[in-house]
Structure formats: structure tokens, C-alpha cells
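Accompanying notes for the structure given below.
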Number of protein chains: 2
Amino acid sequence: MFPSFGAVLKKKSDRLPPNERRSQLIEATLICLMREGASGLSSRKICAQAQVSVGLLNHHFSSQEELVAAAYEEISRRYHEALKAHIDADTKNQNVPIKTLVSCAFEADIMSPDQLRAWVVFWSKTIDSKLMRATHDRINQRLQTYLIQVLAKSLPNSNVDLQVLAIEYSALTDGLWLDWSLNGQHQSSQLWQTILNQWLHRTLMLA
Amino acid sequence: MFPSFGAVLKKKSDRLPPNERRSQLIEATLICLMREGASGLSSRKICAQAQVSVGLLNHHFSSQEELVAAAYEEISRRYHEALKAHIDADTKNQNVPIKTLVSCAFEADIMSPDQLRAWVVFWSKTIDSKLMRATHDRINQRLQTYLIQVLAKSLPNSNVDLQVLAIEYSALTDGLWLDWSLNGQHQSSQLWQTILNQWLHRTLMLA
DNA sequence: AGCGTTATTGAACGATCGTACAATACTATT
DNA sequence: AATAGTATTGTACGATCGTTCAATAACGCT
């Protein structure tokens, strides 16, 4: 009847270049994991979130496991980028970037209860999947290297083992985020932020 | 034919008092979760581990969720008991029990990659279950109270906020255990033990 | 315009999930 | 010895899981 109208009202081309579709599925995976945690990890839920048919997942990814690994890479990449952005923007602490990291550790773009839900799922999958384990190792290595750079800039005249300090900082933030997010009464982050601030204060004094 | 033989060879009474059967199912749950992680959380696998029929789970527990919550309570209880046992046994540090906690943090009865697999599953379930969330809060509260007592004894003349310190210690150990256990090359715990030792050293100096 | 390529769909498959339930076996009480 | 109570079994059900695949639709190229 009104083919032009039909063409206009009909959703625009539903065909995407593979890379875009892959990104869209990765994004949908992160949304599902952040919203529901482990129970959000379902091929059907992910494809529904991406408004795409079930079969498409296995067309762009050889398995769900591979999609999850890609999503793990992506959330890690965003975390890394967010850290760099905060450090670049904090003109006051250019010489002590670790101060910037600590002060933004509970900002929404760095970590949130939502995001931690996804991280916990990734950790859980790291336990029983070789591919996830390899991905986890790669991510950890990358973040640790970056953290060491940040610490080296922050403590130019210190002789402490920066790798040890980087692992400690990473472990402490992971634990604080866990405690903050899994807590029943999801309070403000003030308490946990204070703890991290005091840790940094002590660490800088003795380094 | 040989009824007496049959009676002897036949498994002995397969009927147990409810409390014992419940404990057995809880134990089987922990074994499954420590062995396989999240994929070990299956009513059928748990009952197979307990050498019991599938239907028995819902006779002694109203749901799988309730069994998992009971298992979470149990692993936490064992952890708590193991901590107390180490402190009692360490006669050298009776006045500084936090030193004992730190030095045994990577002992097999306190934490191991196996046990952490189970903890990660419990954390994961805490995200999307009200019952697990309540259990998690109760466990956290109990352990934090105990940690504060340990710290109070270790730092009698300090004016630092012991609750803050307890949360920091708990978060740090959680993060170190995670990093240690999820690491691809499951090395010895030496590196992570050193990190914890240095943390304590700095903390005691400034407290 | 026609053709080959491939992104996309949705149904179908087999596996596994948690739970319900009737049947059975054991124990304790009388 | 008979009976009541219940622990235990194993099947069955409906739901959901990840993946496969033939059919279809959209695109680029000549």
C-alpha cells in the first residue's frame, strides 16, 4: 500500500558488519551480567538484549565461552581506559597518579555494584574454563604492568618492590569492591573509600 | 541363596537421623563446589557425591538455595574455627594474634585454591538471592566482630579505628586469595604471603 | 539485473536443570 | 506382630540451557 512508508517505518537495515555485531553482542553480554549476575549469562537472554535472534551468537562467536571471554576483555579494557582518563584529567596529581587512582576508585565509571556483578561472573568462569583462565591471566598482566608504571611515577625515589605494591593495591581494591557490593545494605562508598585513603596515606609515608 | 552374606554385603542401614543427613548433604555440597566451582552446583551432582537419591535433597531442605546457604554457613564456620585453632596453638604470639592470622593465611586449613572456588560460588549466589544475601551479611558480621577482637588484643594502646582496620584486612586477604587462586600458573603462595607480611609490618609500625 | 556471499532468522535437538510425587523401605511404638 | 510415621528412592515433568541447521533476506560485485 504505502511501500515508502513501510520502508521508513520498518526498522532500518538489520544487517551489520561483523565487527559491529560482535561489539553489540559483547555490550549485551555486559549489560546482562551487570543486571543479573550469573543468571544473566544465557545465550538467549544476551541475544534478546541485543534484539537479535538466538542463532546469531554462534555465527559470530564459535561458542558462548568465546563471547564471554571477549566481554571480559572489553570490561577490562574499559576499566583500564577509565583509569587513564582519570589520571589525565587530574592535573593536580600529575606527579602522584596513585593518588588519583585511589580517589576515583569508587567513581561510577571505575567500579560500581553493577559492574562488580559482572566481574564476579568472570572470576567464576575463570575457575572452570581454560580460555577464561588465559584471558584472566592476560588481563591481570596488562593491568599490573600499568599499575607498576603509575606507582613508579608516584614513588620515583623509593626502593620498594613495585610489583609487590601493585599486587597489594589490586588485591585491596578487589576486596573492598567485593565487600562494598555484596553488602546487604548497599550503603554509600564512603567507608570503603576512607579505608583506601588511609592505606595510601600509610603507604606513601613509608615508601 | 546366602541371606546372611547378602545382609552383610548389603550396605548397612541407609537411614540416618535428619541432622546427620543434612550435614552429609552440606559436606557433599562443599566438596562439589571446591572440586568444580559453579558447575559443581547441581542438585544431582551433590546427591551423587553424597551417594543419595536426587529426591532426598528436597526432603531435608526446602530448596537447593537453602542447602547452599547452609553450606555457606558451614564453610564460614570452619574458617572461623580454623582461625581460632591457629591462634590458640601459636603460643609465641598470644599477645599479637594478628601476627598469627597473617602467618597462617595461606595454610591449607585456612584457604586454598579449592576452597576459594567454593567462596566465589557463594559470592556469585549472594548477588541474586535474598537468602544468600542475608547469610552473607550474617557471616561477614560474625567474622568482622572476631577480627576486631583479634586486633584489639594485638593493638591495646592504639587509637586507630579497629573496624576500619578489620575491613581492610578482610578485603586484602580476600583479594590476595583471589589473585593467588585464579592465577593461571598456580604457584606457591610465597609471593602473596610476603605481601601480607609486609602489610602487617607497616600497619604495626604506624598503629 | 542477476548472482554469489553471508548475515540473520527461528525452529528443533539433546542435555541438564530443580522440584514434585507416588511408591517403597526402614524404624519406633504399641 | 501390626501399625504409624518418615526417610529414601527413582521416575516424571516442565523449564531452560547451548548449539545446530535449513531457510530466508540483504548486501556487494560484475
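Throughout, protein chains are lettered first and strands after them, A, B, ... in sequence-line order, and every chain is numbered starting at 1.
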| request: State whether the distance check finds a donor on one side and an acceptor on the other, under 3.5 Å, for side chain A/R15 versus base C/dT6. | output: yes
| request: Look at the rings of A/W123 and A/W119 and say which category their plane angle falls in: under 30° parallel, 30 to 60° tilted, over 60° perpendicular. | output: tilted
| request: Using side-chain hydrogen bond (donor to acceptor under 3.5 Å, both in side chains) as the criterion, point out the one residue from A/E74, A/E81, A/H80 that pairs with A/R77. | output: A/E74
| message | Between C1' on C/dT24 and CG on B/L56, what's the gap in Å once rounded to a whole number? | response | 14 Å
| message | Classify B/L67 by what it touches in the nucleic acid, base, sugar-phosphate, or nothing, heavy-atom distance under 4.0 Å. | response | nothing
| request: For atom CD of A/Q190, decide whether the heavy atoms of other residues, nucleotides or ligands shown that lie under 6.0 angstrom number more than 12. | output: no
| field | Ring centre gap for A/F106 and A/W192 strictly below 6.0 Å | value | no
| query | Does B/H59 have a side-chain nitrogen or oxygen under 4.0 Å from the phosphate oxygens OP1 or OP2 of D/dT8? | reply | no
| query | When the nearest nucleotide of DNA chain C is assigned to B/V54 and to A/P17 on a heavy-atom basis, which residue is associated with the more 5' position? | reply | A/P17
| said: Counting only side-chain heavy atoms from C-beta out, which of C/dT8, D/dT19, D/dA7 sits nearest to B/H60? | reply: D/dA7
| note | Picking from D/dA7, C/dA7, C/dT19, the nucleotide nearest the side-chain atoms of B/N58 would be C/dT19
| query | Is any side-chain N or O of B/R21 closer than 4.0 Å to OP1 or OP2 of D/dT8? | reply | yes
| query | Near DNA chain D, under 4.0 Å by heavy atom, which residues of residues 28-37 of chain A? | reply | none
| request: Give the rounded distance in Å between these two atoms: NZ of A/K45 and C1' of D/dC17. | output: 11 Å
| said: With a 4.0 Å limit, can you tell me whether B/S42 has a side-chain N or O closer than that to the phosphate oxygens OP1/OP2 of C/dG18? | reply: yes
| Straight-line distance of B/L200 CG to B/L204 CG, nearest 0.5 Å | 4.0 Å
Let me check something: any side-chain donor-acceptor pairs from residues 25-38 of chain B under 3.5 Å, sequence neighbours excluded? List them with distances.
| from | atom 1 | to | atom 2 | distance (Å) |
| --- | --- | --- | --- | --- |
| B/E27 | OE1 | B/R78 | NH1 | 3.2 |
| B/E27 | OE1 | B/R78 | NH2 | 2.5 |
| B/T29 | OG1 | B/L25 | O | 2.8 |
| B/R35 | NH2 | B/Q49 | OE1 | 2.5 |
| B/E36 | OE1 | B/K45 | NZ | 2.9 |

